[in-house]
Amino acid sequence: RKGKTPEEVVKRYLQKVRNPPEEDCTICMEPLGSPSGYKGPGVGSVSRGESVGRLVTCGHQYHLQCLVAMYNNGNKDGSLQCPTCKTIYGVKTGNQPPGKMEYHVIPHSLPGHPDCRTIRIIYNIPPGIQGPEHPNPGKPFTARGFPRHCYLPDSEKGRKVLRLLLVAWDRRLIFSVGTSSTTGESDTVIWNEVHHKTEFGSNLTGHGYPDPGHLDNVLEELRAQGITEEESLQR
Ligand code: APR
Ligand code: ZN
């Protein structure tokens with residue numbers, strides 16, 4: 001089956017705007033009433049009547065061609081994220097390289113969670129060659145510090161976070177390929193936008209326990225990636 005074109009994907013999430021407001025498109029900074037400032041490869045011409053669209057859920061308005069250009073700059077997974085309010089249309093996926101996610105319960109308690117045992121997650125990603133969804137396709141990427149071990153309390157909320165992390169893993173959102181802010185190395189596997197605790201009995205790095213807000217923060221970060229409890233039940 002032939003996939004949808006970028007323009008078809010974008011239009012699926014848009015309503016037509018017949019009379020654009022006197023505002024600028026925040027993607028290209030040109031007025032919505034003027035043509036898109038974006039003239040690049042892969043962006044065809046559009047008729048005047050459909051040059052501006054309104055995203056159906058959040059209502060933010062952009063030039064159709066600007067949204068198509070933005071979509072083409074991403075990993076073209078059929079989803080779109082409003083650049084203003086981050087509302088996600090469709091199912092957002094990332095560019096995490098192939099690897100393994102495993103977990104088990106260990107019979108020890110984390111600082112701050114004395115009443116329960118601990119879930120240990122083990123991520124393993126080997127080095128490889130970057131694909132078209134990565135910053136430098138065809139070039140190798142490194143993978144440092146794997147297997148990476150992470151910890152969650154084995155409480156009701158900790159298990160909920162685990163369920164959502166499993167969804168995030170399937171959607172390739174836990175890691176990405178880029179430049180590590182810790183080491184400065186480029187073309188390497190890095191954590192994406194969901195924080196993990198990699199220290200067990202101490203907190204020397206700031207990525208340990210106790211941290212009373214941690215589980216709620218992670219749930220919020222997962223929500224920002226489009227992953228909620230309702231989603232994980234639909235799977
Ligand atoms: N544990 C957990 N999260 C971390 C750690 C760590 N030791 N170091 C950084 N992070 C978080 C950062 O707060 C940031 O939000 O990961 C995000 C990306 O940071 P980078 O430094 O770009 O990520 P990366 O290079 O993958 O991580 C550095 O984390 O797990 C360790 O072995 C890994 O030493 C490496 C370190
Ligand atoms: Zn929006």
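Numbers here are sequence positions counted from 1. One-based numbering, in listed order, for ligands and for the atoms of each.
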Quick check: does [X] get an N/O under 3.5 Å from an N/O on ligand 1?
X: H195; result: yes
X: R144; result: no
X: T183; result: no

Please determine if K92 and D77 form a salt bridge, counting it only when a charged side-chain N lies under 4.0 Å from a carboxylate O.
no
Below 4.0 angstrom, N of the basic side chain to O of the carboxylate: do E133 and K76 qualify?
no
Among all protein heavy atoms, pick out the one at the shortest distance from [atom]; state its residue, atom name and that distance to 0.1 Å.
atom: atom 25 (O) of ligand 1; result: S180 OG, 2.6 Å
atom: atom 9 (C) of ligand 1; result: H207 NE2, 3.5 Å
atom: atom 27 (O) of ligand 1; result: W191 CD1, 3.5 Å
atom: atom 22 (O) of ligand 1; result: S181 N, 2.7 Å
atom: atom 1 (N) of ligand 1; result: T198 OG1, 2.6 Å
atom: atom 32 (O) of ligand 1; result: R148 NE, 3.7 Å
atom: atom 21 (O) of ligand 1; result: T182 OG1, 2.4 Å

If we ignore hydrogens and angles and just use 3.5 Å, is the side chain of E221 paired with the main-chain N or O of H195 as donor and acceptor?
yes
Counting from 1, what ligand 1 atoms have a heavy atom of H196 closer than 4.0 Å?
2 (C), 3 (N)
Starting at OG1 of T182, measure out to CH2 of W191 and round the result to the nearest 0.5 Å.
11.0 Å
Atom pair OH/NE2 of Y151 and H113 - distance to nearest 0.5 Å:
14.5 Å
side-chain contact (heavy atoms from CB on, under 4.5 Å) assessment of E185 paired with R144
CA-CA 10 Å; E185 185 180 12; R144 309 290 182 195; 2.7 Å; yes
More than 12 heavy atoms of other residues, nucleotides or ligands under 6.0 Å from CZ of R120: yes or no?
yes
In the complex you have, is atom 34 (O) of ligand 1 within reach of the protein, judged by whether a heavy-atom distance drops under 4.0 Å?
no
Going by distance alone, is a donor N or O of one side chain under 3.5 Å from an acceptor N or O of the other, for N192 and Q96?
no
